Amino acid sequence: MVYVKIENGYGGVFAKEEFHIGESVYDLSQGDVVHAPSRTSIQMRPQIHIEDEVGQYINHSCLPSCKIDGLFVKAITKIRPGDEITFDYNSNEDAMATPFECACCGKMIKGKNCE
């Protein structure tokens with residue numbers, strides 16, 4: 001299980017339990033399908049994005065704990081309770097609706113087709 005934590009106007013998703021590499025951390029299948037990217041959507045495949053009440057708070061990291069695999073967020077590292085759930089937006093999104101400069105490396109996060 002995971003939980004959303006919001007502090008000072010910023011949100012993130014965190015683990016309530018331990019996850020091992022390859023385990024499903026969160027299921028995005030309950031989200032709404034949309035056909036264009038938004039600031040909070042997660043791309044599943046070309047022109048298919050999910051708007052999800054928890055997924056919208058999964059932050060970007062250049063050293064992510066997870067990846068998007070089908071409709072699931074899956075662990076790519078061992079995750080302990082309290083660890084933040086993240087994925088690399090550039091590896092998943094074709095083109096970001098709202099590109100931004102990464103806080104950890106200064107690189108522009110625009111999507112994989114905008115490199």
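Quick caveat, the model's predicted, so the values are computed rather than measured.
Among all heavy-atom pairs drawn from V54 and V13, the shortest one is O-CG2, 3.5 Å. The nearest pair of heavy atoms linking V25 to C66 is CG2-SG, 3.9 Å. Listed here is the closest heavy atom pair of F19 and A75: CB-CB, 4.3 Å. Closest heavy-atom contact between N92 and Q43: ND2-O, 2.8 Å. R80 and A15 make their closest contact through O-CB, 3.7 Å (heavy atoms, listed as atom of the first residue, atom of the second, distance). Taking both residues in full, the closest heavy atoms of K74 and G22 are given as CD-O, 3.7 Å, listed atom of the first, atom of the second, then distance.
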message = For a side-chain contact (heavy atoms from CB on, under 4.5 Å) check, start with the C-alpha distance between N90 and K107, then their side-chain angles and the critical distance, and finish with the verdict.
response = CA-CA 10 Å; N90 272 344; K107 180 172 135 183; 3.5 Å; yes
ask   = Should I50 and D32 be marked as a side-chain contact (heavy atoms from CB on, under 4.5 Å) after you check the CA-CA gap, both sets of side-chain angles, and the distance that decides it?
value = CA-CA 5 Å; I50 297 287; D32 296 324; over 6 Å; no
key: Steps toward side-chain contact (heavy atoms from CB on, under 4.5 Å) verdict (K67, F87)   = CA-CA 5 Å; K67 68 177 182 175; F87 74 96; 5.5 Å; no
request  = Evaluate side-chain contact (heavy atoms from CB on, under 4.5 Å) for I42 paired with E93, printing each intermediate quantity in order.
outcome  = CA-CA 7 Å; I42 298 174; E93 305 291 320; 4.2 Å; yes
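Hydrophobic clustering (side-chain heavy atoms under 4.5 Å, transitive across Ile, Leu, Val, Met, Phe, Trp, Tyr) groups M96 together with I48. Hydrophobic clustering places L71 together with V33 (ILVMFWY residues linked when any side-chain heavy atoms are closer than 4.5 Å, directly or through intermediates).
Inter-residue side-chain proximity for F14 and D83 is flagged as unmet; no heavy-atom pair is nearer than 4.5 Å. For the pair T77/L63, no side-chain contact is recorded, criterion being any heavy-atom separation below 4.5 Å from C-beta on. Contact of the I21 side chain with the I76 side chain is not registered, since no non-hydrogen atoms from C-beta on lie closer than 4.5 Å. Between I68 and M44, the closest side-chain pair of non-hydrogen atoms falls below 4.5 Å. Between I85 and Y26 there is no side-chain heavy-atom pair separated by less than 4.5 Å.
One distance of note links CZ of F100 with CZ of R39; it measures 10.5 Å at 0.5 Å rounding. Atoms CD1 and SG, on I109 and C104 in that order, are 7.0 Å from each other to the nearest 0.5 Å. Once rounded to the nearest 0.5 Å, the distance linking CD1 of I79 with CD of E18 reads 9.5 Å.
In terms of modelled atom types and a separation under 3.5 Å, the side chain of S65 and the main chain of T86 share a donor-acceptor contact. One N or O on the side chain of H60 and one on the backbone of Y89 form a donor-acceptor pair closer than 3.5 Å. Checked by atom type and distance alone, the side chain of E17 pairs as donor or acceptor with a backbone atom of M1 at under 3.5 Å.
The side chain to side chain donor-acceptor pair (under 3.5 Å) with T40 is formed by just one residue from the set E53, H49, E51; it is E51.
Side-chain atoms of Q30 and D52 include no donor-acceptor pair closer than 3.5 Å.
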